[in-house]
Asks: 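One structure, pasted below without further comment.
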Amino acid sequence: MGVTPAASVLKQLLNHRNLKPQPPTATSTAAVTTKILSYLKQGRIRSAVSTLFSFPQPFPFDLYAHLFRACSDHRRAIVEARKVESHLLTFSPNPPTFLLNRAIEAYAKCGSLRDARELFDEMPQRDGGTWNVLITAYSQFGFPEEAFKLFLCMNREGIRANEITFAGVLGSCAVACELVLSMQVHGLVTKFGFCGNVILESSLVDVYAKCGVMDDARKMFHEIVRPNAVTWNVIVRRYLDAGDVREAVFMFSRMFPAAVRPLNFTFSNALVACSSMAALEEGMQIHGVVVKLGVQEDNVVSNSLINLYVKCGKLEEGYQVFNQLGSKDLVSWTSIVSGYAMSGKTWEARKLFDEMPERNVISWNAMLAGYTRFSEWYEALDFVYLMLGAIKDLDHVTLSLMFNVTAGLSDHEMGKKVHGYIYRHGFHLNLMVSNALLDMYGKCGNLNSARVWFNQMSNWRDRISWNALLASYGNHHLSEQALTMFSEMQWETKPSKYTFGTLLAACANAFALDHGKQIHGFIIRHEFQIDTIIRTALVYMYSKCRCLDYAIEVLKGAVSRDVIIWNTIIMGCCHNHKGIEALELFGVMEAEGIMPDHVTFQGILLACVEEGLVEFGAKCFKSMSNQYRVLPRLEHYDCMIELYSRHGYMVELENFFKTMPIEPTIPMLTRALDACQKNEYARLGEWITEKINEFQH
DNA sequence: CTAGGGTTAG
């Protein structure tokens, strides 16, 4: 089945009715040749080949070469290639080797390595080009072992390798990550005197980098006298792949003193490097070069620019690039949607998403990822249903996000359904999906299922799996077990800063001061860097565990403090009934020039409740929107009602209720009703009772 | 005549 041997094709064709023998004449051959060539020029291969077959006579070898070339370019003309070979062999029994090489090439380019190999094996005599063309084919189609075998045979038969041979072999080395072989080939390249060949030299840079030895790749790069645009592209891309994004950007910058114009891909690679380290300055400089060289109409480049800006939090700049793009493609749209979605502007993102001319899984995932990132679970759920109706094949990202949604909604039943789905569709072996599943069971309160699944993952779990399990122990207030797991974890993988964050949160929620101190000690002993996130976790843990002094000590150790760590300590003070301290710390925070946010004000109001500072609290509440431009939320109204209620400020409470721009909630009303009864303030009490009754209908 | 790099978005 499958491939029809060339001989039988030939037999069929010879029996074909239009093959009436004609005496060949010089003029007709020349005329037909011209005709065939003109068909080829128009890209009509079929017509060209059938015209060829109308004339059972030999044609100039040149024409066959053109025909084979056309088949190679088309890549789907396998049948035509076989026909041309048949015709050639029928009427010219001893074709020159170079023509057969072209035939092998045509077969290979059309994807039929079998035909290529068959012809190769049958050839009475081969030249270097014959070997090269097949080695190249094996290399390009990802059969490195075959390429190596052929290369060895070739050497054994005494055929001398040339640049083309080495290019193929090095390509195969790169695919197979064959470092030792690459070094041997490097030796041969040198020995044969091909060292000045920039293509081979670039391949060597590429091979060393793909084998994971960036130092050797860099050394090789510096040996090249005149690296060209491809060479530069290789070195930039390989540093990016190796995760050394700084070096990638640095190498990119060195292209300009070397006066080599970057390729569009190189711009893109450099921009990706910038966005991955949030290097806005460098990225903007590259943007400048893009404009100067006039490549901003290239979608790959501009899409990378959009991505750079949105990843650096510059949505407007990103949108501008998007807007100025002449032909926006799927990637441009997805990039801008993703930018808005991942910055919390899910509404704007959704508007753009709905305007998209076409969408794929990635665009849907980008939008869904925004909803989940910002815990908009109900929007996410609606969106998932919409997505299920609109798109057939969900992928591993979709399924992981769906687990996040069920986890966020604590919908254990739905989580189990998704679990069933991934099992049926074979996604359970995907690490990302597995970890999301683990996380879902942990968050839905099913520690046992989480544990069972974690054990089943023993062959493919990673650090993230461990962190997920630790987090579910933490959420179940099992800090002791979490700590035991932490020691087990170290047999298998190294902890990350997320591990510490999780463990410290676990200790905080379980008020496990001793364990918390152990973790703190571990971090210091193993010289892990205490970044803002870990520092905040430490402050949180110590203040939860009623060690406010330690918490403040840790806070003081920070080089810089953001609003989150300040909120943590202020809330921590409130938790420890230290309202005055909270307000003092707020003063320090302001002096450091940190703008308070809604959480900060919640802390301040709580502190006022704690200390009975009713007038001061009211003043703070007013200044919130007037001075600080922080819109009061439900929890702030809640605090104010608590403040007035607890301290018997009934007139103020009544005023507050009646001027409140939002509907009071049941807990607010019952809290206030309580106060009315205690303070015998019937007028407001009646109003509240009425309100509560309204709610019940 | 046959050769190297690369596709941006979740």
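Note that this is a predicted model, so its numbers are computed, not measured. Naming: A, B, ... by sequence-line order, numbering from 1 per chain.
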Asks: Determine whether the side chains of A:Tyr309 and A:Gln320 contain a donor N or O and an acceptor N or O closer than 3.5 Å.
Replies: no
Asks: Has A:Arg238 got a side-chain N or O lying under 4.0 Å from the OP1 or OP2 atom of B:dG5?
Replies: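 Checking B:dG5 against A:Arg238, no side-chain N or O comes under 4.0 Å of OP1 or OP2.
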Asks: Quick one about A:Asn467 and A:Asn435 (side-chain donor to acceptor, distance below 3.5 Å, no hydrogens or angles considered), yes or no?
Replies: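 The criterion, which ignores hydrogens and geometry beyond distance, is not satisfied for A:Asn467 and A:Asn435.
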Asks: Rounded to whole Å, how long is the line connecting atom CG of A:Leu271 with atom P of B:dT7?
Replies: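 Computing the A:Leu271:CG to B:dT7:P distance gives 13 Å.
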Asks: If only side-chain N and O atoms of A:Lys328 are considered, is one of them under 4.0 Å from the OP1 or OP2 phosphate oxygen of B:dT8?
Replies: no
Asks: Would you mind reading off the distance between A:Phe166 atom CZ and B:dG4 atom P, rounded to a whole angstrom?
Replies: 15 Å
Asks: Rounded to the Å, how far apart are A:Phe353 CZ and B:dG10 C1'?
Replies: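 Between C1' of B:dG10 and CZ of A:Phe353: 12 Å.
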Asks: Is the distance from OP1 or OP2 of B:dT7 to the nearest side-chain N or O of A:Asn269 less than 4.0 Å?
Replies: yes
Asks: Going by atom types alone, do A:Thr165 and A:Asn132 pair a side-chain donor with an acceptor below 3.5 Å?
Replies: yes
Asks: Calculate the interatomic distance between A:Asn132 atom CG and B:dA3 atom P; express it in whole Å.
Replies: 10 Å
Asks: Please determine whether a side-chain nitrogen or oxygen atom of A:Arg237 lies at a distance below 4.0 Å from atom OP1 or OP2 of B:dT7.
Replies: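 Checking B:dT7 against A:Arg237, a side-chain N or O does come within under 4.0 Å of OP1 or OP2.
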Asks: Round to the nearest Å and state the distance from A:Glu105 atom CD to B:dC1 atom C1'.
Replies: 7 Å
Asks: Would you say the side-chain atoms of A:Ser335 and A:Asn307 include a donor-acceptor pair closer than 3.5 Å?
Replies: no
Asks: Check this one for me: any side-chain N or O of A:Asn307 less than 4.0 Å away from OP1 or OP2 of B:dA9?
Replies: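 True: A:Asn307 side-chain N/O within range (under 4.0 Å) of B:dA9 OP1/OP2.
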